[in-house]
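Structure, as structure tokens:
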Amino acid sequence: MAERIKVTVGVAGGIAAYKAVEVVRQLQDAGFDPHVVMTEAAEKFVQPLTFAAITGHKVISSLWSEDAGASGGEVSGIEHINEAQTTAALVVVPATADILAKFAHGLADDFLTTMYLASNAPVVVAPAMNVVMWQHPATQANLEILRKRGVTIVEPNSGYLACGMVGGGRLAEESAVVAAVAEVLASTTAGERSDLEGQTILITAGGTREPIDPVRFIGNRSSGKMGYALAAKARCRGARVILISAPTALPAPEGCELVPVTTAEEMRTAALARLREASIVIMAAAVSDYRVTEAATQKLKREGPRVLQLEPTADILQEITHERRPETMVVGFAAETENVLTNGRAKLARKGVDALVVNDVSGSETGFDSDRNAGWFLTPEDTKEFAVSSKAAMADRILDEVVRLRSTHGRAVTGRR
Ligand SMILES: Cc1cc2nc3c(=O)[nH]c(=O)nc-3n(C[C@H](O)[C@H](O)[C@H](O)COP(=O)(O)O)c2cc1C
């Protein structure tokens with residue numbers, strides 16, 4: 001059996017500490033090897049013995065235990081340093097207002113807080129507290145510091161709280177905490193992979209703009225976040241990345257060759273010009289289907305009703321699938337608001353692409369301008385569902401599928417049509 005990944009579960013002193021028992025159990029079900037660290041306050045709520053019995057590991061709660069200076073671990077003989085450096089991730093559940101404050105400001109007065117400072121592992125916190133504590137500007141400011149530092153925050157739910165109040169601050173579902181741990185570990189491991197080395201990936205991103213006059217345009221709600229996440233992840237995994245980008249508010253991902261464009265026609269020209277360099281093409285841009293037949297050369301004035309005549313733009317995805325080299329793989333994107341899978345399957349067949357990522361953009365939680373996304377990865381043979389995750393994590397999953405397709409089919413999954 002493959003060795004299980006060690007994850008440290010920090011349990012702090014909140015009323016939801018008992019729920020950490022279920023998180024530990026679910027982490028085990030998910031194939032991890034949880035080790036538990038408790039604060040002194042947490043021990044008032046749950047006995048360390050409970051965690052020791054479930055995990056089969058000693059529970060650490062004091063900086064000053066007998067083992068503190070002589071654990072004899074491979075990395076260091078100092079217990080908190082050893083724990084900090086041998087764990088793949090630290091997840092704190094429940095994260096009290098106190099722990100969030102200590103993490104944010106670098107206090108290190110017990111084992112958990114000292115370990116946090118001594119570790120480079122990704123950190124996930126699942127806050128739980130009374131709604132007033134949760135909403136307090138101090139707590140929110142501390143969360144913002146942690147968020148900016150790259151700590152993953154599993155947002156609490158709203159509902160009935162143990163203090164008798166109703167509101168935000170109730171610990172997220174245990175499964176959501178486990179999913180967050182799996183997600184940060186998936187993206188960290190992907191960062192260490194180089195399974196796209198030797199590939200040149202051409203990615204389109206953002207929403208094109210079709211001018212109406214010199215100051216106005218027809219645009220769409222695409223933020224470019226999904227395409228940029230794909231570019232950043234593909235680069236991390238060793239690919240050379242050509243990113244053809246319609247306007248976005250995003251910084252250029254490091255190490256990518258950025259080709260800025262504005263209109264659908266500019267995107268088409270740039271994509272076709274660079275196509276022969278690419279072994280994989282991922283078309284994540286939201287390209288306008290129509291443009292104004294004759295854009296005004298001067299700013300239009302308000303002078304009663306006006307009719308804009310529109311004409312269709314070129315179908316870039318279709319052209320790319322026709323013009324590609326036989327060994328170049330093409331992945332398209334479809335944003336749908338109804339009959340998502342049926343429309344996605346029809347587009348997959350119509351466009352002759354090797355795979356299609358379909359997003360349901362009708363909701364507010366995922367899709368356009370959100371940091372999260374969900375959808376399906378369709379190939380002629382298979383339908384894979386991607387549950388809601390960050391766009392970065394979804395980018396990794398899409399690239400996992402691309403790598404898998406290349407290894408099982410060479411380039412051609414569907415062949416040129
Ligand atoms: C009965 C009881 C319940 C508590 N529940 C919470 C809680 O849900 N969230 C929280 O942030 N603090 C809660 N506290 C306050 C913390 O226990 C307190 O701030 C403590 O210093 C936290 O220590 P720690 O962060 O080191 O675990 C509670 C205190 C008591 C007495």
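For the single chain, residues carry numbers from 1 onward in sequence order. Hydrogens, waters and symmetry mates are skipped; everything else that's a heavy atom, side chains included, is used. As the structure lists them, so they are numbered: ligands from 1, and atoms in each ligand from 1.
Residues V281 and T328 are in side-chain contact: their nearest non-hydrogen atoms beyond the backbone lie under 4.5 Å apart. A heavy-atom distance below 4.5 Å is found between the side chains of I398 and M226.
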Apply side chain to side chain donor-acceptor pair (under 3.5 Å) to residues E40 and S61 and explain how you reach the verdict. CA-CA 7 Å; E40 203 182 322; S61 45; over 6 Å; no
Going through the distances and angles, do E22 and Q26 end up as a side chain to side chain donor-acceptor pair (under 3.5 Å)? CA-CA 6 Å; E22 179 59 17; Q26 288 193 21; 3.0 Å; yes
Determine, step by step, whether T152 and R147 satisfy the side chain to side chain donor-acceptor pair (under 3.5 Å) criterion, reporting the C-alpha distance in whole Å, the side-chain angles of both residues, the deciding distance to 0.1 Å, and the verdict. CA-CA 7 Å; T152 299; R147 207 173 271 123; over 6 Å; no
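For atom 26 (O) of ligand 1, the closest non-hydrogen atom of the protein is D98 OD2, 3.3 Å. Atom 6 (C) of ligand 1 has G14 CA, 3.6 Å as its closest protein atom, hydrogens excluded (heavy atom only). Distance from atom 11 (O) of ligand 1 to its nearest protein heavy atom, with residue and atom name: A97 N, 2.8 Å. Protein heavy atom closest to atom 20 (C) of ligand 1, with residue, atom name and distance, is A41 CB, 4.1 Å. The closest protein non-hydrogen atom to atom 3 (C) of ligand 1 is F45 CZ, 3.5 Å. Considering only non-hydrogen protein atoms, atom 16 (C) of ligand 1 sits nearest to G13 O, 3.3 Å.
For the 3.5 Å distance criterion, the side chains of T313 and E210 fail to qualify, holding no donor opposite an acceptor.
Taking only nitrogen or oxygen atoms, main chain and side chain alike, D110 does not reach within less than 3.5 Å of ligand 1.
Ligand-side atoms of ligand 1 in range of M133: 10 (C), 11 (O), 12 (N), range being under 4.0 angstrom from any heavy atom. In summary, the atoms of ligand 1 found under 4.0 Å from a heavy atom of T39, numbered by their order in the structure, are 24 (P), 26 (O), 27 (O). Listed by number with element, the atoms of ligand 1 under 4.0 angstrom from any heavy atom of A12 are 27 (O). For ligand 1, the atoms closer than 4.0 angstrom to any heavy atom of I15 are 5 (N), 6 (C), 7 (C), 8 (O).
At a 4.0 Å heavy-atom cut-off, ligand 1 touches A128 through the backbone alone.
A cation-pi contact links R209 to F217, judged by a cut-off of 6.0 Å to the six-membered ring centre and 45° from its axis.
Checked options D98, D110, V92; the residue passing with T39 is D110 (criterion: side chain to side chain contact (heavy atoms under 4.5 Å, CB included)).
Other residues, nucleotides and ligands place no more than 12 heavy atoms under 6.0 Å from the CG atom of N120.
Inside a 4.0 Å radius of atom 18 (C) of ligand 1 there is not any protein heavy atom.
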